[in-house]
Amino acid sequence: MRSSILLIAAATFGRSASQPVSAQAAGDTTRGRPSTQAPFARRRVQIFLPTPFHTGTWKTVGSFETALRARGFGPGLIPGIRNATDEPTVVFAESGVRVRVRGATSLEALIAVAPKTATITGWRPQDSTYVTAIFSGTLTALLVGYEWRNLRLAAGPAVVWNSWSLAADQLTQVPGSTGQDWISTALGADHWSERVVGFLGQVSYVIPISTATFLEARADLRSFGNSQTHGIAPFGPVGVDHSGHNVAVGIGFAF
């Protein structure tokens with residue numbers, strides 16, 4: 001009798017031991033509901049897309065305006081002439097493709113999907129000189145990242161690709177006019193493109209929504225050396241700083 005009981009107990013224990021570990025013990029469920037964390041973490045490719053929720057600064061426009069003011073160019077109040085700086089796009093809307101290469105290490109190719117643009121003007125009444133600068137720039141970067149749970153730290157080289165148009169004119173008021181009519185004499189003009197290499201550091205926090213979608217909050221800090229604009233008469237070259245920062249929330253897809 002005792003041996004029969006022992007055989008039944010051994011068979012019951014053997015069946016229990018041979019069953020696979022439950023999803024809850026493996027960490028794939030939370031309070032009886034399937035968890036998205038583990039399946040999401042196994043996906044190797046992630047695509048980050050921008051949303052309207054972003055803010056930041058970019059020093060390109062501000063440093064150029066500072067140089068204008070230092071050379072005696074003010075915003076001025078010239079009737080019939082646009083004087084104020086156009087409202088610039090102060091941050092880049094970024095998109096990125098991230099690939100997990102080994103363990104917690106990943107590579108991300110980042111690109112700005114919309115360029116930063118601005119029109120800057122300056123008026124120097126001493127010699128009636130009017131300067132117009134039109135700027136457009138975009139950004140690319142290649143980042144190496146390390147992930148710890150939902151937090152990710154990344155850094156790598158970055159490049160800003162800029163396009164400039166610069167023109168200087170001498171404005172002379174038409175005799176007898178009421179201040180609305182001006183004669184413009186071109187003093188100089190130039191157009192050029194430039195590539196400025198720098199460094200980008202990033203910290204981000206990823207929140208899985210499902211096994212294939214996520215929200216990501218990220219903050220960038222960018223550092224670039226000064227570049228020199230071209231000089232035109234009577235406006236010489238200007239040193240421009242392209243550094244800045246960006247804070248954004250985006251949505252992403254994992255594959």
Side-chain angles (χ1 to χ4, degrees), residues 41 43-67 87-118 120 135-164 192-208 214-229 238-255:
R43 296 181 181 268
R44 296 187 65 244
V45 179
Q46 298 175 0
I47 298 177
F48 175 85
L49 300 176
T51 68
F53 302 102
H54 56 251
T55 186
T57 61
W58 199 259
K59 296 182 179 179
T60 302
V61 174
S63 59
F64 188 86
E65 286 186 319
T66 299
E87 184 66 26
T89 54
V90 297
V91 294
F92 289 121
E94 301 171 356
S95 181
V97 178
R98 184 161 59 233
V99 179
R100 185 177 291 109
V101 292
R102 184 176 182 181
T105 305
S106 62
L107 286 176
E108 178 174 342
L110 183 149
I111 187 171
V113 296
K116 171 184 169 60
T117 60
I120 311 162
F135 164 81
S136 177
T138 190
L139 168 77
T140 58
L142 181 62
L143 308 179
V144 178
Y146 181 82
E147 302 172 9
W148 182 75
R149 296 185 179 179
N150 294 61
L151 187 67
R152 179 175 177 271
L153 301 176
V159 181
V160 288
W161 310 79
N162 299 328
S163 175
W164 289 88
W192 70 96
S193 298
E194 64 180 356
R195 179 182 60 190
V196 186
V197 180
F199 175 84
L200 189 149
Q202 183 185 93
V203 58
S204 62
Y205 190 83
V206 177
I207 303 173
F214 62 93
L215 287 177
E216 181 172 339
R218 55 169 59 186
D220 298 346
L221 182 64
R222 303 151 183 163
S223 178
F224 294 91
N226 285 10
S227 68
Q228 292 285 324
T229 68
V238 173
V240 179
D241 184 4
H242 303 282
S243 301
H245 73 272
N246 189 39
V247 178
V249 175
I251 190 169
F253 301 92
F255 302 91

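The chain is numbered in sequence order, starting from 1.
For the pair Leu110 and Leu139, the minimum side-chain heavy-atom distance is below 4.5 Å. Inter-residue side-chain proximity for Val206 and Glu147 is flagged as unmet; no heavy-atom pair is nearer than 4.5 Å. By the 4.5 Å heavy-atom criterion applied to side chains, Phe255 and Ile47 are counted as neighbours. Within the 4.5 Å cutoff, no side-chain heavy atoms of Trp148 are placed close to those of Leu153. Val238 is not listed as a side-chain neighbour of Ser63, based on a closest heavy-atom distance of 4.5 Å or more.
For Thr105 (side chain) and Val101 (main-chain N/O), no donor-acceptor pair under 3.5 Å exists by modelled atom type. Judged by distance alone, with hydrogens and angles left aside, the side-chain atoms of Ser106 form no donor-acceptor pair with the main-chain N or O of Val99 at under 3.5 Å. Side chain of Ser163 to backbone of Ser136: no donor-acceptor contact under 3.5 angstrom is found. Proximity of a side-chain donor or acceptor of Thr138 to a complementary backbone N or O of Trp161 within less than 3.5 Å is not detected.
Between Thr60 and Val240 the shortest heavy-atom distance is O-CG1, 3.6 Å. Thr55 and Asn246 make their closest contact through O-OD1, 2.9 Å (heavy atoms, listed as atom of the first residue, atom of the second, distance). Of all the heavy atoms in Ile120 and Phe64, the pair that sits closest is CD1-CD2, 3.8 Å. The two residues Ala141 and Leu200 come nearest to each other via the heavy atoms CB-CD1, 4.4 Å. Annotation for Phe224 and Ser243: closest pair N-OG, 3.0 Å, computed over non-hydrogen atoms.
With rounding to the nearest 0.5 angstrom, the CZ atom of Phe48 is 7.0 Å from the CD atom of Glu94. Atoms CD1 and OG1, from Ile111 and Thr140 in turn, are 6.5 Å apart once rounded to the nearest 0.5 Å. One finds the NZ atom of Lys59 at 10.0 Å from the NE2 atom of His245 (value rounded to the nearest 0.5 Å). The OH atom of Tyr205 lies 11.5 Å from the CG atom of Leu215; values are rounded to the nearest 0.5 Å.
Under 4.0 Å is where a charged nitrogen must lie from a carboxylate oxygen, and between Asp220 and Arg222 at least one such pair does.
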**OP:** Before giving the answer on side-chain contact (heavy atoms from CB on, under 4.5 Å), spell out for Glu194 and Gln228 the whole-Å C-alpha distance, their side-chain angles and the decisive distance to 0.1 Å.
**Re:** CA-CA 9 Å; Glu194 64 180 356; Gln228 292 285 324; over 6 Å; no
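Screening Glu216, Glu108, Arg218 for a side-chain hydrogen bond (donor to acceptor under 3.5 Å, both in side chains) with Ser204, the sole residue that qualifies is Glu216.
If you look at Trp58 and Phe135, their ring centroids are not closer than 6.0 Å.
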